[in-house]
Amino acid sequence: MITGIKGMNDILPGEVETWQYLEEQARRIFAAYGFAEIRVPVVEKTDLFCRSIGESTDIVEKEMYSFTDKGGTSITLRPEGTASVMRSFIEHKLYAQDPVARLYYLGPMFRYERPQKGRYRQFHQIGAEAIGIDDPRVDAQLMAMLTHYLDEVGIRDVELQVNSLGCPECRPAYRQALIFFLQPQLEALCEDCRRRWCTNPLRVLDCKVPGCREATAQAPSILDHLDTPCADHFSRVRAALEDLAVPFAVNPRMVRGLDYYTKTTFEVVTGNLGAQNAVAAGGRYDRLIQDLGGPPLPGIGFAMGLERLVLLKGEERIAPPRPALFLAALGEAAGRQAFRLMCSLQRRGLRAETDFEGKSLKAQMRRAGRLQARFVLILGEEELARQIGQLRDMDAGTQEEIALGELAERLLERLGQRETLDAVR
RNA sequence: GUGGCUGUAGCUCAGUCGGUAGAGCACUGGAUUGUGGCUCCAGGUGUCGAGGGUUCGAGCCCCUUCAGCCACCCCA
């Protein structure tokens, strides 16, 4: 048996409806905030990710699906979406028409990691990017949109956390201050954190080991080391969030896995995802476009992990659509008629089903019941001769004769009635 | 890359002290001729993840290997 690839999952009927729902709501809500979809390839030249995400990040160092194509170019399955969107934005000079762009994307991302709960080698993100405005209100607006979306699709028990990582002018000083602070405490830190102290000291603040948390309890905060523009930006972001009544918590220990972030960073976290806690994450990247060879335009964006949203929805599945009608036919002539009727209903957009195996009426009724058909049309020799059928309401258990010529109309009428009733309830 | 747990029917899982495998669900047929869900009856399916070893005999014990899950690292 040929199986799928580790960490790459099939999304089967029964679950796919939830995916479709989450995607549709994102399209609808993001559109209201002025975002347009952009579709970019799932592979890019490897250099793009090295330059944007950062050479020394874990993603670039050990998690990329990179290979050489037949032309000798090193290409990589995208580990995230922002780099590709920025490449496209720059390549097509979208800033020439309008220096402000709001773009969203959705699709698969790839990272070579050991799979675990909420974490896969092929995973899916919905992301949004707002380019060209450095006003803090844009930061707040993006977080408001994200919060609005999660609320709308019924994701509960989450918290929006915000932080500022400063900029290349002020972050190095903080980094030094943190290194100085941690140096005398190295003994108290875990093995991983002693390594982090050298490689990425900010990560020490994020460690879960109790000993490390104690040792860093009095550590300097990045928020006290921001320079004036960064501090001002951050306070205006918070003010704007308050103004919009978006609940949030400041988390000065929040760290990022990608190098391009500046100033505002944010995460939506939950305790219901096993070892994972992030549902969505994002931040400002005011240097990225320039670093990739574009104009000096600022940007901010976020991405949500679809698998994680689906996981949080849990058993709360979106019900697949029910067939409007199952045509139960007895005998060959009735079978032909049922097949014709089914096709004509389908052309009118009504989901209809029938039996192709000449089964007994009992068996056909059982199948109709299992498919949760709203109605069944029973068509035997006698009905066929009179050009009528028995229309059975499967929910009510009632049945009436109807003329075959009126089938579609009667069906639409009664389905409409039903929908009205549902709406009233 | 490291560690732990688990692999038995399509699915969820039992399987005693080592004696050649079971249940529920699902599926199919039936319980008055042409009427679903509930109930009852009947029916089939397994390289017991794979390979090797111990043993008269292995689903069970030992070794190897593969896969899945979970956790670490890191992250959506």
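Residue numbers start from 1 in every chain, and the chains themselves are labelled A, B, ... in the order their sequence lines are given, proteins ahead of strands.
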Trainee: Apply salt bridge (Lys or Arg N to Asp or Glu O under 4.0 Å) to the pair A:R156 and A:D151, showing each step before the final yes or no.
Mentor: CA-CA 7 Å; A:R156 307 283 176 243; A:D151 188 56; 3.0 Å; yes
Trainee: Go through the steps for A:D291 and A:R51 under the test salt bridge (Lys or Arg N to Asp or Glu O under 4.0 Å), then give the verdict.
Mentor: CA-CA 8 Å; A:D291 288 348; A:R51 285 176 52 186; over 6 Å; no
Trainee: Between P on B:rG1 and CG on A:D58, what's the gap in Å once rounded to a whole number?
Mentor: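 Rounding to the nearest Å, CG of A:D58 and P of B:rG1 are 14 Å apart.
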Trainee: Stepwise, does the salt bridge (Lys or Arg N to Asp or Glu O under 4.0 Å) test hold for A:R410 with A:E400?
Mentor: CA-CA 11 Å; A:R410 297 297 295 278; A:E400 62 170 336; 3.4 Å; yes
Trainee: Hey, which of these two, A:G274 or A:V279, hits RNA chain B nearer its 5' end, going by closest nucleotide?
Mentor: A:G274
Trainee: Measuring only the C1' atom in each nucleotide, how far is B:rU33 from B:rU39? A whole number of Å is fine.
Mentor: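 Nearest-Å result for B:rU33 against B:rU39 at atom C1': 23 Å.
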Trainee: Starting at atom CG of A:D10, determine the distance to atom C1' of B:rC11, rounded to an integer number of angstrom.
Mentor: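 Going from A:D10 (CG) to B:rC11 (C1'), I get 16 Å.
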Trainee: Counting side-chain heavy atoms from CB outward, which of B:rA71, B:rU35, B:rG36 is closest to A:Q390?
Mentor: B:rU35
Trainee: With a 4.0 Å limit, can you tell me whether A:R370 has a side-chain N or O closer than that to the phosphate oxygens OP1/OP2 of B:rC27?
Mentor: yes
Trainee: Sticking with atom C1', work out how far B:rC61 lies from B:rG1, rounded to a whole angstrom.
Mentor: 32 Å
Trainee: How are the rings of A:F30 and A:F35 set to each other: parallel, tilted or perpendicular (split at 30° and 60°)?
Mentor: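 The rings of A:F30 and A:F35 sit tilted, inter-plane angle from 30° to 60°.
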Trainee: Any side-chain donor-acceptor pair under 3.5 Å between A:E159 and A:Q161?
Mentor: yes
Trainee: Does A:K362 have a side-chain nitrogen or oxygen under 4.0 Å from the phosphate oxygens OP1 or OP2 of B:rG36?
Mentor: yes
Trainee: Before giving the answer on side chain to side chain donor-acceptor pair (under 3.5 Å), spell out for A:R253 and A:T216 the whole-Å C-alpha distance, their side-chain angles and the decisive distance to 0.1 Å.
Mentor: CA-CA 10 Å; A:R253 303 167 92 94; A:T216 59; 2.5 Å; yes
Trainee: Can you identify which nucleotide, out of B:rU35, B:rG29, B:rA76, has its nearest atom closest to the A:L258 side chain?
Mentor: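 Of the options given, the side chain of A:L258 lies nearest B:rA76.
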Trainee: When you measure from the side chain of A:Q116, which nucleotide among B:rG29, B:rA71, B:rG34 comes out closest?
Mentor: B:rA71
Trainee: Is A:R121 paired with A:E113 through a side-chain N to carboxylate O contact shorter than 4.0 Å?
Mentor: no
Trainee: Could you tell me whether A:A368 contacts a base, only the sugar-phosphate backbone, or nothing, with contacts defined as non-hydrogen atoms closer than 4.0 Å?
Mentor: nothing
Trainee: Using a heavy-atom cut-off of 4.0 Å across all strands, would you classify A:F110 as base, sugar-phosphate, or nothing?
Mentor: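 No contact.
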Trainee: Between B:rC66 and B:rA14, how many Å separate the two C1' atoms, rounded to a whole number?
Mentor: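 Roughly 25 Å separates the two C1' atoms.
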Trainee: Quick check on B:rA76: is either OP1 or OP2 less than 4.0 Å from any side-chain nitrogen or oxygen of A:Q276?
Mentor: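 It does not, given that no N or O in the side chain of A:Q276 lies less than 4.0 Å from OP1 or OP2 of B:rA76.
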Trainee: With C1' as the reference atom in both, quote the distance from B:rC38 to B:rG10 in angstrom, rounded to an integer.
Mentor: 25 Å
Trainee: Need one value for A:E383: base, sugar-phosphate or nothing, where a base atom within 4.0 Å counts as base even if backbone is also close, heavy atoms only.
Mentor: base
Trainee: Thinking salt bridges, do A:R102 and A:E129 make one under a 4.0 Å N-O criterion?
Mentor: no
Trainee: Quick one: A:E357 CD to B:rG29 C1', roughly how many Å, whole number?
Mentor: 13 Å
Trainee: Out of B:rC72, B:rG34, B:rA76, which nucleotide sits closest to the side chain of A:R114?
Mentor: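 So the side chain of A:R114 is nearest to B:rC72.
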Trainee: Name the pairing partner of B:rU65, where a pair is Watson-Crick or G-U wobble with both distances under 3.5 Å, or state none.
Mentor: B:rG49
Trainee: Going by purine N1 to pyrimidine N3 plus the second Watson-Crick contact, or the G-U wobble pair, all under 3.5 Å, which nucleotide sits opposite B:rU54?
Mentor: none
Trainee: On RNA chain B, compare the nucleotides closest to A:M304 and A:K117; which residue's is nearer the 5' end?
Mentor: A:K117
Trainee: For A:Q364 and B:rU28, give me the distance from atom CD to atom P, rounded to whole Å.
Mentor: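 So the two atoms are 12 Å apart, to the nearest Å.
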Trainee: Expressed as a whole number of Å, how far does the P atom of B:rC41 sit from that of B:rG24?
Mentor: 10 Å
Trainee: Could you give the distance separating B:rC69 and B:rG36 at their P atoms, to the nearest angstrom?
Mentor: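 Here B:rG36 and B:rC69 have their P atoms 42 Å from each other.
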Trainee: What is the pairing partner of B:rG22, taking Watson-Crick or G-U wobble pairs with both distances under 3.5 Å in any strand?
Mentor: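 Check on B:rG22: paired to B:rC13, both distances under 3.5 Å.
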Trainee: What is the nucleic acid contact for A:A328, judged by heavy atoms within less than 4.0 Å: base, sugar-phosphate only, or nothing?
Mentor: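 Touches nothing.
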Trainee: What does B:rA42 pair with, Watson-Crick or G-U, if both distances are under 3.5 Å?
Mentor: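 Pairing partner, where one exists within any strand: B:rU28.
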Trainee: Select one nucleotide: of B:rA76, B:rG29, B:rC72, the one nearest the side-chain heavy atoms of A:A275.
Mentor: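 The answer is B:rC72, which lies nearest to the side chain.
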Trainee: According to the Watson-Crick and G-U wobble definitions, with both distances under 3.5 Å, which nucleotide is paired to B:rA71?
Mentor: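 B:rA71 is paired, partner B:rU2.
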Trainee: A:M365 side chain: which of B:rU28, B:rG36, B:rG34 is closest?
Mentor: B:rG36
Trainee: Would you kindly give the CG-to-C1' distance between A:D393 and B:rU35, to the nearest whole Å?
Mentor: 14 Å
Trainee: Can you measure A:Q372 atom CD to B:rG36 atom C1' for me and round it to whole angstrom units?
Mentor: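 One finds 11 Å between C1' of B:rG36 and CD of A:Q372, rounded.
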Trainee: B:rU55 and B:rG29: how far apart are their C1' atoms, nearest whole angstrom?
Mentor: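 Straight-line distance between the two C1' atoms is 46 Å.
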Trainee: Go through the N and O atoms of the side chain of A:Q399 and the base of B:rU35, and report whether any donor-acceptor pair is under 3.5 Å.
Mentor: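 Side chain to base: pair present.
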Trainee: Sticking with atom P, work out how far B:rA23 lies from B:rG46, rounded to a whole angstrom.
Mentor: 14 Å
Trainee: Between A:Q125 and B:rA76, is there a side-chain N or O to OP1/OP2 distance below 4.0 Å?
Mentor: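 No, because none of the side-chain N or O atoms of A:Q125 sits under 4.0 Å from OP1 or OP2 of B:rA76.
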Trainee: Nearest-Å distance, OH (A:Y112) to C1' (B:rG1)?
Mentor: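 A:Y112 atom OH is separated from B:rG1 atom C1' by 10 Å.
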Trainee: I need the CZ-C1' distance between A:F266 and B:rA76, as an integer number of Å.
Mentor: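 Whole-Å distance recorded here is 12 Å.
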